[in-house]
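In what follows, a structure is listed as structure tokens, so that the remarks can point back to it.
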Amino acid sequence: MPKEAIVKGPSDERWFDVLVYFIAAVIIIIVLYPLVFVVSASFSDPARVLNGEVWLLPKGITLDAYNNILHNDKIWIGYRNSIFYTVVGTLINITMTLLAAYPLSRPDLPGRKGLMLIITLTMFFSGGLIPSYLLVKNLGMVDTMWALIIPGAISTYNLIVMRTYFQSSIPWELQEAAHIDGCSNWRLLISIILPLSKPILAVMVLFYAVGHWNSFFNALIYIRTEDLYPLQLVLREILMISQSAGVDGGNVGMEEKILLSESIKYAVIIVSSLPVLIMYPFVQRHFVKGVMIGSIKG
Amino acid sequence: MKNAEIHETAAAPQFRPERGSRLIRQIAKRYDLYLMLLLPIAWYLLFHYGPLYGLQIAFKNFAPGKGILGSSWVGLEHFKRFFDSYYFGRLLWNTLSINLISLLVAFPIPIMLALLINEIRSKTYSKLLQNITYIPHFISVVVIVGILTVFLSPTGPINTLIQALGGSPTRFMESAGWFKTIFIGSNIWQNMGWQSIIYIAGLSGINPQLYEAAKMDGASRMRRIWHVSLPGIVPVIVILLILDIGQFMNIGFEKILLMQNNLNLEASDVISTFVYTTGILKGEYSYTAAIGLFNSLINLTLLLMVNRFARKTSETSLW
């Protein structure tokens, strides 16, 4: 890149480079250390973790914690549910966002500005938690899986990103030409727009899917039956509720229980984050692209 | 946007007929576009404007049996009760202080990170730094609080270090004094990389000749950052600042809820968590709907003020 050459050029102020590289290294260590610690602790003898012996590498390597998880039904049910919520939820998200973003990207749609206003206004003012909760309750969705899928069917931010992409990346002349050839709007959307939109669709799938996988609050307020719990809610019980048990438990009988719950915590963090982290290296570029497209609109 | 306008006029001559029926024809010709919009718009009306309609319970004594319309009006009673309540001062103080400190401390950090990344000469090293700092963004808030819990527990690595240095262990997660530090610190840890992306993009768009000229004039690298890099991304900074302030009263609600316990409540009780615990858990719908409305109104006012201020002073604004 010639630009690099001009900006960065032959190095002046060597000390400045040293400083920059040093700070960067410190940042990398700060970001990675907690993650490395959790991984190491998950493979370590829980007694030695509690003793504070583990600080970087695993001590007394054991797979007990993972074994424990394998036999924990709650975690498996949570996993299954989360996969369901993520797949079905994302499918609905994409369909709804597409159905809104495409027509609103058409410069020849009468009333477009008014419709956009209806949509963007919701970004700045909302009824708030309680009226939304009562609405979902009145619709009879409480304690059903729909409560986690329908109320969040569209993210306005994602809709705007997708619309911006349609406007800036798909030539309007192409669509007009298709029209003149007698192509209906539905066919236009399915056989011309969609194939040209693979990059943005990838970004949207990722944004929505990660959102579903990581969300817990809607499940917390809407879901009562444990069989419907997504993984994050199961996690919350394991990570935070067993912690308060640890605070109270001063007696000896509790010790083994604490040890067990302590050991499972680290492993559960790893197991639940695994899908996203495995996917991460492959999709990282797409995420970045999504943020960029979003910023065009400003 | 400009492009779209040109297209609009370019497309118009196709539908020439008399003025009155022209619009109807335009609409009729595109009925299938409206068909596509039917479901999403219905969804917006139901799930975004429905709650706005339901907000009237803030001025009523809502009883689930009577429904929204059947419940009796009580005017501003719920607001008065909230302003007079023992918790009001604490809730408002915690909400404002957590967000204000976040804005002052956490907002500039992604900017500094982007400037740092921009100064790294090795492409590999700069990519490495970026990709590593993005990772925490994808970890769920439940897991983040889980990591905090084990990391800061009396037997965790931080306390082990403190003890090794001769200090005594601290129960960080159960301490009101530490709450805000931990909350904001972990937010920075999780989000600085992700939030720096937009700034990095802005920096890569700066004309290289500006740097060259500054160098000719004998500007040191620090001065070039200050006088070339930073001014180049000021518009992005202003927009993101406005958007951040637009979310001022809501930041981090889920995480605060997860970190909250009886021992740190003094510092962690904020308006949004209070609405959750009193409204959803205890069923005081009208009272907490009023509190939620109060929260939204402050938020909206802040947004409008900041946007206006930005438009007057820097020509950059949301609208």
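These values consider heavy atoms only, across backbone and side chains, with no hydrogens, waters or symmetry-generated copies. Note that this is a predicted model, so its numbers are computed, not measured. Each chain gets a letter, A, B and so on, in the order the sequences are listed, and its residues count up from 1.
The most heavy-atom pairs under 4.5 Å with chain B, out of A:Pro151, A:Ala41, A:Gly52, A:Ser184, come from A:Pro151. Between chain B and the residues A:Lys137, A:Met123, A:Arg106, A:Met279, the most heavy-atom pairs under 4.5 angstrom are made by A:Arg106. Of the listed residues (A:Val210, A:Leu159, A:Ile150), the one with the most heavy-atom contacts under 4.5 Å to chain B is A:Ile150. Each of A:Pro34, A:Ser272, A:Gly111 has some count of heavy-atom pairs under 4.5 Å with chain B, and the biggest count is that of A:Pro34. When the candidates A:Ala153, A:Ser126, A:Ser215 are compared by the number of heavy-atom contacts under 4.5 Å with chain B, A:Ala153 comes out ahead.
Ring pair A:Phe217/B:Tyr276: centre-to-centre distance below 6.0 Å.
Residue B:Ile200: no heavy atom, backbone or side chain, is found under 4.5 Å from chain A. For A:Phe207, the part lying under 4.5 angstrom from a heavy atom of chain B is the side chain only. Interface remark: A:Thr156 contributes backbone and side-chain atoms alike to the contact with chain B (heavy atom separation under 4.5 Å). When heavy atoms are compared at a cutoff of 4.5 Å, A:Val49 approaches chain B solely by way of its backbone atoms N, CA, C and O. Within the 4.5 angstrom heavy-atom criterion, no atom of A:Ala101 approaches chain B. A:Ser273 touches chain B through its side chain: at least one heavy atom from C-beta onward sits under 4.5 Å away, while N, CA, C and O do not. Of the two parts of A:Leu189, only the side chain, counted from C-beta on, holds a non-hydrogen atom closer than 4.5 Å to a non-hydrogen atom of chain B. For A:Leu134, the part lying under 4.5 angstrom from a heavy atom of chain B is the side chain only. For chain B, the nearby part of A:Leu277 is the side chain; its heavy atoms alone come within less than 4.5 Å. For a residue to count as touching a neighbouring chain, one of its non-hydrogen atoms must lie under 4.5 Å from one of that chain's; by this rule B:Ser126 does not touch chain A.
The aromatic rings of B:Tyr285 and A:Tyr133 sit tilted relative to each other, their planes meeting at an angle between 30° and 60°.
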